[in-house]
Amino acid sequence: MSLTVNNLSCERGGRLILRDVSFSLQAGEIMVLRGPNGAGKSTLIRALCGFLRCDGEATLNAMPLRDRDAWQDQIAYAGHLDAIKPQLTVGENLSFWSALYGGSVDHAAEVFRLTEIWDRPANVCSAGQKRRLGLARLLVAERPLWLLDEPTVSLDADMTATVAGVIRDHAAAGGMVLAATHIDLGLTDTKQLDLLPVSADTPTNDPFLEGWT
Amino acid sequence: MTRAVLMRELRLALRSGGGAGLGLVFFLIVILLIPFGVGPDETLLALIAPGTLWIAALLACLLSLDRIFQADYEDGTLDILTLSPMPLEGLVAIKGLAHWLTTGLPLVIAAPVLGLTLSLPAPAYGWLIASLLVGTPALSFLGTIGAALTVGVRRGGLLLSLLVLPLYIPTLIFGASVVTSAAEGQSVTTAFQLLGGITLFTLALAPFTAAATLRMQMR
Amino acid sequence: MSLWEFANPVKFIRLSGRLLPWVSGLTVICLAVGLIWGLFFTPEEARQGHIAKIIYIHVPLAMMAINAWGMMFVTSLIWLIRRHHVSVLAAKAAAPIGATFTLLAIITGAIWGAPTWGTPWVWDPRLTSFAVLLVFYFGYMALWAAIEDPDKAADLTSVLAMVGTVFAFLSRYAVNFWNQGLHQGASLSLDKEENVADVFYIPLLLSIAGFVLLFLALVLLRTQTEVRARRLRALMLREGANA
């Protein structure tokens with residue numbers, strides 16, 4: 001199992017956000033994504049979710065990114081938004097994802113301490129509780145590659161340690177994790193990828209900028 | 001899997017803020033307004049009842065279209081649904097079905113009662129139900145295309161109406177024609193078949209179009 | 001040398017800049033000759049009198065009202081398949097022109113219809129279809145206006161152009177089913193000239209050619225504007241990022 005990214009470049013809203021990003025990740029490896037605001041961490045993660053239209057190559061277990069549907073079947077994603085329905089209870093939210101993704105809820109509920117708030121409507125949950133619910137989906141989904149965008153925002157120190165543990169366990173079980181984060185999760189043996197904002201003067205293949213006299 | 005998605009859509013529509021039932025009330029009010037506008041003359045009301053019922057149903061359907069994808073787009077659910085084993089096309093189809101179940105179907109049930117208040121001629125009732133039953137799914141599914149096109153637009157409801165209403169023209173023409181012909185005691189076969197044809201075509205087209213559009217929206 | 005090279009904005013601006021004076025000149029010549037000939041030097045139509053001469057404006061406008069949408073369909077399809085920016089910008093540029101032609105076709109039709117049918121508007125299939133077409137143009141333009149990101153707007157409006165075309169066709173036939181109309185049949189077809197006598201035919205062809213060229217000139221001009229607006233946006237984004 002491996003992820004290889006070769007010269008990935010992405011443009012959004014007419015601006016080049018990622019330029020020639022290359023890295024590789026093997027089974028059991030964790031990669032921490034670092035860089036200042038606007039460096040394209042979220043864009044890289046969304047690009048690897050198969051949501052964006054990018055140039056360059058990426059292969060996941062010999063599957064090209066172009067083969068979008070098959071690629072997406074190997075991804076578990078946790079972004080800035082928790083994808084929680086406020087009208088449903090915590091339990092209903094998680095059970096739905098398990099019905100859709102096919103995994104079991106028990107382990108996830110226990111690890112993220114959701115059992116105690118199981119019947120609480122999600123609209124009265126705190127930001128941290130919502131985040132726990134959102135992250136619990138990772139365990140339900142049972143996908144090899146985790147793409148995490150600032151997973152520990154609004155979590156307390158205890159829970160942050162739990163998340164680090166969950167990430168470590170996933171890697172130990174042969175999974176792969178790519179996580180953008182500002183704080184030190186206390187993980188050892190991680191790879192690191194530093195992203196820098198693309199300079200606006202970088203030549204692009206934007207036909208509205210290049211070749212004019 | 002399909003059942004889980006459908007049940008969730010229905011649950012969300014029926015819980016607070018879901019907006020199921022609003023369409024039905026709107027339908028009621030519009031029909032109530034018609035006699036105020038055109039006068040209480042029963043012959044006149046009977047004459048315009050088929051078209052009025054169809055137009056009111058169509059507008060009621062329009063009302064809740066912007067809810068189909070908006071919340072899922074804003075709270076990140078759409079991203080997660082896209083990554084799920086269920087194809088986005090299937091998801092759109094289920095959402096269209098859920099919209100029809102919570103908006104279109106109640107209209108079909110309420111329409112004959114409201115037809116009574118407009119003095120709709122007796123032979124037309126069966127065909128009113130039949131035409132709405134066959135035609136309203138097209139309204140919901142065409143609505144998924146419009147909803148997908150306007151999902152990222154702030155206050156896109158008005159734009160959505162502008163985009164979707166012209167697409168409703170064939171359905172309205174054939175649907176109202178079925179009821180009018182039935183009221184006049186003429187054959188409804190051709191119009192009814194064409195109505196069904198438009199609906200089948202829409203059911204086949206909309207999930208793919210709306211799913212492709214949603215993927216564009218997520219870029 | 002491939003046709004697709006002109007999908008490059010720079011090449012398009014250069015080529016269209018060279019073409020535009022010629023197209024504009026030809027437009028003026030065709031319109032002047034066709035309209036002056038048609039309006040002043042053709043015999044009066046037997047039954048309708050000189051009001052029928054509005055045909056030299058009405059028919060070309062109506063033809064181009066539909067063809068403009070057809071052109072938008074093709075250029076939008078090219079964007080969806082090959083992602084050529086100029087193509088979709090040409091569709092964007094053509095929409096207001098098409099809408100104006102549609103509106104003018106309806107107005108000239110009303111001017112013609114008022115004395116001959118006794119009413120400026122009837123719910124005739126052709127007239128109704130033009131009203132529907134106008135709404136499709138408005139929807140297309142409104143969608144462009146509502147979306148900030150130009151590439152996303154291009155994607156979405158192209159989808160709308162596809163769906164709109166299909167449903168414009170469906171509406172056209174549905175409307176036929178709904179009402180048989182007053183409108184006369186087509187005035188002109190290339191294989192059967194019998195609809196219109198020769199004396200009317202040649203000036204009509206000339207003014208049609210004039211309106212086709214007028215459409216072409218306006219589209220070229222407006223596409224240039226759209227291309228430059230996109231370049232301006234790209235430049236401002238770059239400057240804004242530097243500041």
K.L.:
Around atom CG of A:Asp194, are there more than 12 heavy atoms of other residues, nucleotides or ligands at under 6.0 Å?
P.N.:
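Yes, CG of A:Asp194 has more than 12 neighbouring heavy atoms, counting only those of other groups under 6.0 Å.
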K.L.:
Got more than 12 heavy atoms from elsewhere within 6.0 Å of CD, A:Gln26?
P.N.:
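Correct, the count exceeds 12.
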K.L.:
Can you list the residues of residues 139-151 of chain C that sit under 4.5 Å from chain A, counting heavy atoms only?
P.N.:
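When heavy atoms of chain A are the reference, residues 139-151 of chain C contributes C:Asp149, C:Asp151 within the under-4.5 Å range.
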K.L.:
I need the minimum non-hydrogen distance between A:Leu209 and C:Arg231, along with the two atoms involved.
P.N.:
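Heavy-atom minimum between the residues: O-NH1, 3.7 Å.
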K.L.:
Pick whichever of C:Arg14, C:Arg230, C:Lys152 has the most heavy-atom pairs under 4.5 Å with chain A.
P.N.:
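That would be C:Arg230.
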K.L.:
Given that the side chain runs from C-beta out, which part of C:Leu232 has a heavy atom under 4.5 Å from chain A: side chain, backbone, both or neither?
P.N.:
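For C:Leu232, no heavy atom lies under 4.5 Å from chain A.
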K.L.:
Need one label for C:Arg233: side chain, backbone, both or neither, based on atoms under 4.5 Å from any heavy atom in chain A.
P.N.:
side chain
K.L.:
Could you note down all residue pairs passing salt bridge (charged side-chain N to carboxylate O under 4.0 Å, His left out) where residues 36-56 of chain A supplies at least one of them, sequence neighbours left out?
P.N.:
A:Arg46-B:Asp79
K.L.:
Quick one: side chains of residues 75-82 of chain C, donor-acceptor pairs under 3.5 Å with protein atoms, not counting sequence neighbours, listed by atom name and distance.
P.N.:
from: C:Thr75; atom 1: OG1; to: C:Met71; atom 2: O; distance (Å): 2.9
from: C:Thr75; atom 1: OG1; to: C:Met72; atom 2: O; distance (Å): 3.3
from: C:Ser76; atom 1: OG; to: C:Met72; atom 2: O; distance (Å): 2.7
from: C:Trp79; atom 1: NE1; to: C:Asp155; atom 2: OD1; distance (Å): 2.9

K.L.:
How close do A:Pro207 and C:Val10 get, counting heavy atoms only, and between which atoms?
P.N.:
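Shortest heavy-atom separation between A:Pro207 and C:Val10 comes out as O-CG2, 4.4 Å.
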K.L.:
Quick check on C:Val86 against chain A: is it the side chain, the backbone, both or neither that has a heavy atom closer than 4.5 Å?
P.N.:
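Contact with chain A involves no heavy atom of C:Val86 at all.
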K.L.:
Please list every donor-acceptor pair under 3.5 Å in which a side-chain atom of residues 22-31 of chain C meets a protein atom from a residue at least two apart or in another chain.
P.N.:
from: C:Ser24; atom 1: OG; to: C:Leu20; atom 2: O; distance (Å): 2.6
from: C:Thr27; atom 1: OG1; to: C:Val23; atom 2: O; distance (Å): 2.6
from: C:Thr27; atom 1: OG1; to: C:Leu213; atom 2: O; distance (Å): 3.4

K.L.:
How far apart are the C-alpha atoms of C:Leu235 and A:Phe208, what are their side-chain angles, what is the distance that settles it, and do they pass the side-chain contact (heavy atoms from CB on, under 4.5 Å) test?
P.N.:
CA-CA 8 Å; C:Leu235 288 172; A:Phe208 293 99; over 6 Å; no
